[in-house]
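Keep in mind the model is a prediction, meaning the values are calculated, not measured. Letters go in sequence order (proteins before strands), and every chain restarts at 1. Computed over heavy atoms, backbone and side chain alike; hydrogens, waters and symmetry mates excluded.
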Protein chains: 2
Amino acid sequence: MCASIRRASRTLTQIYDQALRPLGLRATQFTVLQALSIAGEVLQGDLGQMLAMDSTTLTRTLEILSRHGWIDKRTGEDLRERRIRLSKAGQLQFEKAVPLWEKAQASLRRKLGEGQWNALLKFTNEITNLIKE
Amino acid sequence: MCASIRRASRTLTQIYDQALRPLGLRATQFTVLQALSIAGEVLQGDLGQMLAMDSTTLTRTLEILSRHGWIDKRTGEDLRERRIRLSKAGQLQFEKAVPLWEKAQASLRRKLGEGQWNALLKFTNEITNLIKE
DNA sequence: CGACGATAGATGCATATGCATCTATCGGGA
DNA sequence: TCCCGATAGATGCATATGCATCTATCGTCG
């Protein structure tokens, strides 16, 4: 099962990466931009929680986004915290990426069919929740 | 969708990696050993085909397995080819890993339920096949 | 106020992943 | 025979991933 999901994950990632390649954006990075676009300014920790992503992984992805100038970081009163949000450039990059992402998403959805699509979303979420128990 | 599958893949990988940690074996590596155990001696390219794994990724995973002495490599008549098979130590390592893997697998299967389990396997395989078209 | 455990991230290290490109070898035609 | 396109892997580079561990800061308790 692990092998099956990893294989599917690799395949899918290749599809989305390819769609986003014109922008030099990876699927993972798009996901982070999207989360930021929805959440506004958030603590790095909360962002990790949202994406079920290890905080150390997030640190490095944010480093990349930061290098491209797509996010702003600042500390609040608690100097340990990092508050993250999209920069102007990040907002723009995200908006440019959305159509490409939509296109890949729609094509995949068509190929899988509505039923499988929804079932798959449900099951993957269930797996993600498993680990919390 | 890509984010969902990647998230599930991360979660699942953590579960399997943790189960195999006593042996210092990663889920990916176990998958390769398993494939070799089933296939016997195979061309590196065929192995990649089997696992739907990029050949460059496979090269490095095999490098790790080789470093541990778990596989043997040799060339056939065609000097470009690499023929891979489990070594004695690799066979042993695989046999030690199977029970740990089974345990993780069974636990997960119980939590998901038979129906979801099978559906998930089916869907992930379908996604993997999508890219071939 | 000062020491101490708790918390938020960062860093070192190893592996996983794939694209672009390179090297070695093979097989077939001129 | 020699050259040339095709094929099997290997390598450089960048990112993704997570464990163990470290650092800085916070809150609290004596």
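For the residue pair E95(B)/Q91(B), the side-chain donor-acceptor check at 3.5 Å is satisfied.
Among the protein residues, R83(A) comes within range of no part of the nucleic acid, since none of its heavy atoms lies under 4.0 Å from any strand. R67(A) comes within contact range of the sugar-phosphate backbone alone, with a heavy-atom separation under 4.0 Å but no base atom that close. Residue L58(B) is out of contact with every strand shown, counting any heavy-atom pair closer than 4.0 Å. Across all strands shown, E77(B) has heavy atoms under 4.0 Å from sugar-phosphate atoms exclusively, and none from any base. No engagement by S55(B) is indicated, since no non-hydrogen atom pair under 4.0 Å with the nucleic acid exists. Base engagement by T56(A) is indicated by at least one non-hydrogen atom pair under 4.0 Å involving a base atom.
Listed pair K73(B) / dA10(D) meets the phosphate criterion, a side-chain N or O lying under 4.0 Å from OP1 or OP2. For dA10(C), the OP1/OP2 oxygens have a side-chain nitrogen or oxygen of Q44(A) closer than 4.0 Å. Between Q18(A) and dC19(C) there is no side-chain polar atom (N or O) within less than 4.0 angstrom of OP1 or OP2. Considering only side-chain N and O atoms, T57(A) lies nowhere under 4.0 angstrom from the phosphate OP1 or OP2 of dA16(D). An OP1 or OP2 oxygen of dA10(C) is reached within less than 4.0 angstrom by a side-chain nitrogen or oxygen of R82(A). One finds a side-chain N or O of T59(B) lying less than 4.0 angstrom from the OP1 or OP2 phosphate oxygen of dA10(D).
Between E126(B) and K111(A), no side-chain nitrogen of the basic residue sits less than 4.0 Å from a carboxylate oxygen of the acidic one, so the salt-bridge criterion is not met.
I84(B) places its CD1 atom 11 Å from the C1' atom of dA8(D), with the value rounded to the nearest Å. Atom-to-atom, CZ of F30(A) to C1' of dT15(D) comes out at 18 Å; the value is rounded to the nearest Å. Spacing between atom CG of D17(A) and atom P of dA16(C) amounts to 19 Å, rounded to whole angstrom units. Per the geometry, CG belonging to D54(A) stands 14 Å off C1' belonging to dA14(C), to the nearest Å. Atom CZ in R60(A) sits roughly 15 Å away from atom P in dG9(C) (whole-Å rounding). Spacing between atom CZ of R10(B) and atom C1' of dG18(D) amounts to 11 Å, rounded to whole angstrom units. When rounded to the nearest whole Å, the span between CG of L20(B) and P of dG18(D) equals 16 Å. In this structure, R7(B) atom CZ and dT17(D) atom C1' are separated by 16 Å, rounded to whole Å.
Residues L20(A) and L25(A) come closest through the heavy atom pair CB-O, 3.2 Å. The two residues I71(B) and L62(B) make their nearest non-hydrogen contact at CD1-O, 3.5 Å.
Each of D78(A) and A27(A) has a nearest nucleotide on DNA chain D; the 5'-most of these lies closest to A27(A). Nucleotides of DNA chain C nearest to R26(B) and R21(A) differ in position, and the one nearer the 5' end is that of R26(B).
Here the side chain of T13(A) pairs a donor or acceptor atom with the backbone of S9(A) at under 3.5 angstrom. Checked by atom type and distance alone, the side chain of D72(A) never pairs as donor or acceptor with a backbone atom of R85(A) at under 3.5 Å.
Side chain R80(B) to base dT7(D): a donor-acceptor pair is found below 3.5 Å.
Nearest nucleotide to the side chain of H68(B), out of dT15(C), dT11(C), dG18(C): dT15(C).
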